[in-house]
Amino acid sequence: MRNHNLGYPRIGNLRETKKACEQYWAGKITVEQLLQESKNLRKQNLLLQKQLGIELIPVNDFSLYDQVLDMSLMLNNIPERYRPVFKLSGYTETEIYFAMARGYQKNGLDIPAMEMTKWMDTNYHYIVPEFEPNQNFKLFSHKVFDEFLEAKELGVNAKPVLLGPISYLLLGKEKKEGYFNRFDLLDSLLDVYVKILQKLSSMGAKYIQLDEPCLVTDLSAESRQAYVKAYNKLKKSAPQLSIILASYFGSLDDNTQLALSLPVDVLHLDLCRAPEQLDTVLDTIPDKLELSLGIIDGRNIWINNYNQSLALINKAKAKIGEDRLWLAPSCSLLHVPCDLDLEDKNANLPKELKHRMSFAKQKLIELTELCLLSSSSNNVVEPSLSPLGVNPEVKKKLARLKETHFERKSPFGIRKQVQQAKFKLPAYATTTIGSFPQTKEVRATRAKFRKGEITAEEYDKALKEFTKHCIDVQEEIGLDVLVHGEFERTDMVEYFGEKLDGFAFTTNGWVQSYGSRCVKPPVIFGDISRPTAMTVYWSKYAQSLTEKPMKGMLTGPITILQWSFVRTDQPRSETAFQIALAIREEVQDLEAAGIKVIQIDEPALREGLPLRRKGWKEYLDWAVKAFKLSASGVSDETQIHTHMCYAEFNDIIEAVAALDADVITIETARSQMELLDAFTRFKYPNSIGPGVYDIHSPRVPSVSEIVRLMEKAEERIPSDQLWVNPDCGLKTRAWEETKASLQHMVQAAKILRT
Ligand code: GLN
Ligand code: ZN
């Protein structure tokens, strides 16, 4: 049986790409050094895959920032505003590339970065292509050809990978919405794809992988037609080149017949997310089409269940024969860490757990093993794995829950009155989202503590000083509801994961989130429970320093779930409820300790949405329930806040309202409050803090600008529902601009009150 890989992580075992990029941005290495470094890394990855026995190895899966941005550059889809950079930088491709990715503030220019958004339902972010009426594409970047040659010279059987033309169109945005239709650009786009394919073919490429993840989403009739048109044209123009059409992250479902009708040579299916689609595909597969079975999970870190995989393989084999089959990971391995061997020295990762884990390199080994096994007639005897981290108490607690555990005692109208009587907050109450500047000093102190250079007592004392300073500043500025600043936390999920049972942590399990930013998701392997209080110590200390209400800060169950690698032996909803129960206990402990305003952050609620609309309701039902379970164990007097740092609420507003948080803070500054429209249309009943300034840049907003924004908010939401706060946490900011911005914010609130 043949095998191929869809994509290998490009960050490097030791995050070499990240480090090289950051050094280049800081002016510490030259562009030549950066390119050399990335060439070395590609070589390593190619040779590793070859050595592991991968037959068809992906190229152009490497990227210095993002593969969608690479595609934009290849197609010369460079928005006009970046053109001056090109000239200024002496026509270097790398400079304009990074300018698009990160913005450009040099040589008297100040151009913001292009928009970034989540790649399908992953936590990876891509740079959104922009489309304009009458736009002409042409071949610009030669990256894919260079990388193909590079691999050829290394004696690697290389398969170039490109984002397919239709997904490229669907994942971009029309710059002037409503003025034209992006599909008008299809012909021009296809001309360039044809050129690329022909050139690759003439260079000796036998296969090309075209990624079309949009094939697993709900498609309009227009998109379907575009698929037919595009793939007919591509096949006709480069008949020698075998096209591997890669679908992933879900089931082809109602697009199955469409996908099967396209004139491609190999169709790749994600059989980890959607094993059930194999039957349908096998029933109607055309005679010559080959199938690539995505049987190794590219989205999670667990070892493969060989018996399950072999069952799928054998089914396919029986129907269409070994010669028409390929084995592969379900999707690019971009979404898992590089190499589990790097965890050998990690004493915190229990052996029994590590034996059940598999990163990119291990997954490719599994792939080749499965190839061998599938060709022998012997069945594998796999030891059955007993679950790890079992806690019957947790299951019992969940089973005992009643409807009342999911609801606050009284409806919002009553709670609002009780809370008003208690807190006597002014109209346009001011607050922040939780974190305050994580300065060099804060980070250095933590590093010292981790290295054992200072004692736990010294660390505690330093954190208390940071916290006290933060509270003093807030008092001085005159904010109404204070926060402690979150100095004890590096990451809003890791902090809780480390304190909960059922979680494990890797030391090197990095995955790319966007550009040079990598995250190390915790591993949820067992039942989740809370051995002791997690945040009470800091909130209590902070409250003891002020008469003002101190807001307790927690991360919500869906966000913790969404940003972790999750166990697969029970439904995600079950795991979410376990986390929710632990958070609920924390909420109750905070309340008992005198913390009467508690925020439960859910920035990841939206990204958990299934790719298909028909899955939304089920997800939102349990997600909302999990949040409510965490938030409802308190008296009417206790004020529950939630926070979400994104913008599109239109299609989930009912679920957001169903959370029934007393106050929700959201991002709105960049859209000039337009995003509040969803809340207006829906007549959102509870209180809202629309962010009044964007925290992603050091820019200090003026008082009048904030007043103006709030006036816009008032046009949409009755003023007695409004709070005043920034868009998100202030962790990445410096103190200077933070103080100035918050002073302006408080002044603006005062003006609004009069
Ligand atoms: N409380 C967190 C903070 O202020 C919220 C961060 C987020 O929403 N991503 O940093
Ligand atoms: Zn946020």
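We count ligands from 1, going down the list as the structure has it; atoms in each ligand are counted the same way.
The residue among T559, L554, D601 with a heavy atom at the shortest distance from atom 5 (C) of ligand 1 is D601.
No hydrogens or angles considered: nothing links the side chains of Y126 and E115 as a donor-acceptor pair under 3.5 Å. If you check the side chains of D460 and Y541, you find no donor sitting under 3.5 Å from an acceptor. Q599 and T642 share no side-chain donor-acceptor pair at under 3.5 Å. No donor-acceptor contact under 3.5 angstrom links the side chains of Q639 and R415, judged on distance only. Using modelled atom types and a 3.5 Å distance limit, the side chains of R681 and N650 yield a donor-acceptor pair. For the 3.5 Å distance criterion, the side chains of S632 and E407 fail to qualify, holding no donor opposite an acceptor. Side-chain atoms of S687 and Q721 include no donor-acceptor pair closer than 3.5 Å.
Taking the six-membered ring where the residue is Trp, F503 and F505 present parallel rings, their angle staying beneath 30° rather than reaching 60°.
Checked against a 6.0 Å centroid threshold, the rings of F436 and W735 count as neighbours. H335 and F249 have their aromatic ring centers within a separation under 6.0 angstrom.
Contact annotation for S435 and ligand 1: heavy atoms of both the backbone and the side chain come within less than 4.0 Å of the ligand. Of all the heavy atoms of M492, the ones lying under 4.0 Å from any atom of ligand 1 belong exclusively to the side chain.
Atom CD1 in I433 sits 8.0 Å away from atom CG in D727 (nearest 0.5 Å).
Protein N/O/S atoms nearer than 2.8 Å to the Zn ion (ligand 2) total 3.
The ligand atoms of ligand 1 that sit less than 4.0 angstrom from a heavy atom of G729 are 3 (C), 4 (O), 10 (O). Taking a cut-off of under 4.0 Å to the non-hydrogen atoms of G434, the atoms of ligand 1 that pass are 4 (O). Every atom of ligand 1 with a heavy atom of E486 under 4.0 Å away is listed here by number and element: 1 (N), 2 (C), 3 (C), 4 (O), 10 (O). Remark: ligand 1 atoms within the under-4.0 Å shell around heavy atoms of C645 are 7 (C), 8 (O), 9 (N). In the vicinity of C728, heavy-atom distances shorter than 4.0 Å reach the ligand 1 atoms 7 (C), 8 (O).
Residue Q599 has no N or O atom closer than 3.5 Å to an N or O atom of ligand 1. The N/O atoms of I433, backbone and side chain alike, include one that comes under 3.5 Å of an N/O atom in ligand 1. The shortest N or O to N or O distance between W563 and ligand 1 is not below 3.5 Å.
Salt-bridge check for D662 with R408: passed, with a basic side-chain N closer than 4.0 Å to an acidic carboxylate O.
The closest protein non-hydrogen atom to atom 8 (O) of ligand 1 is H643 CD2, 3.0 Å.
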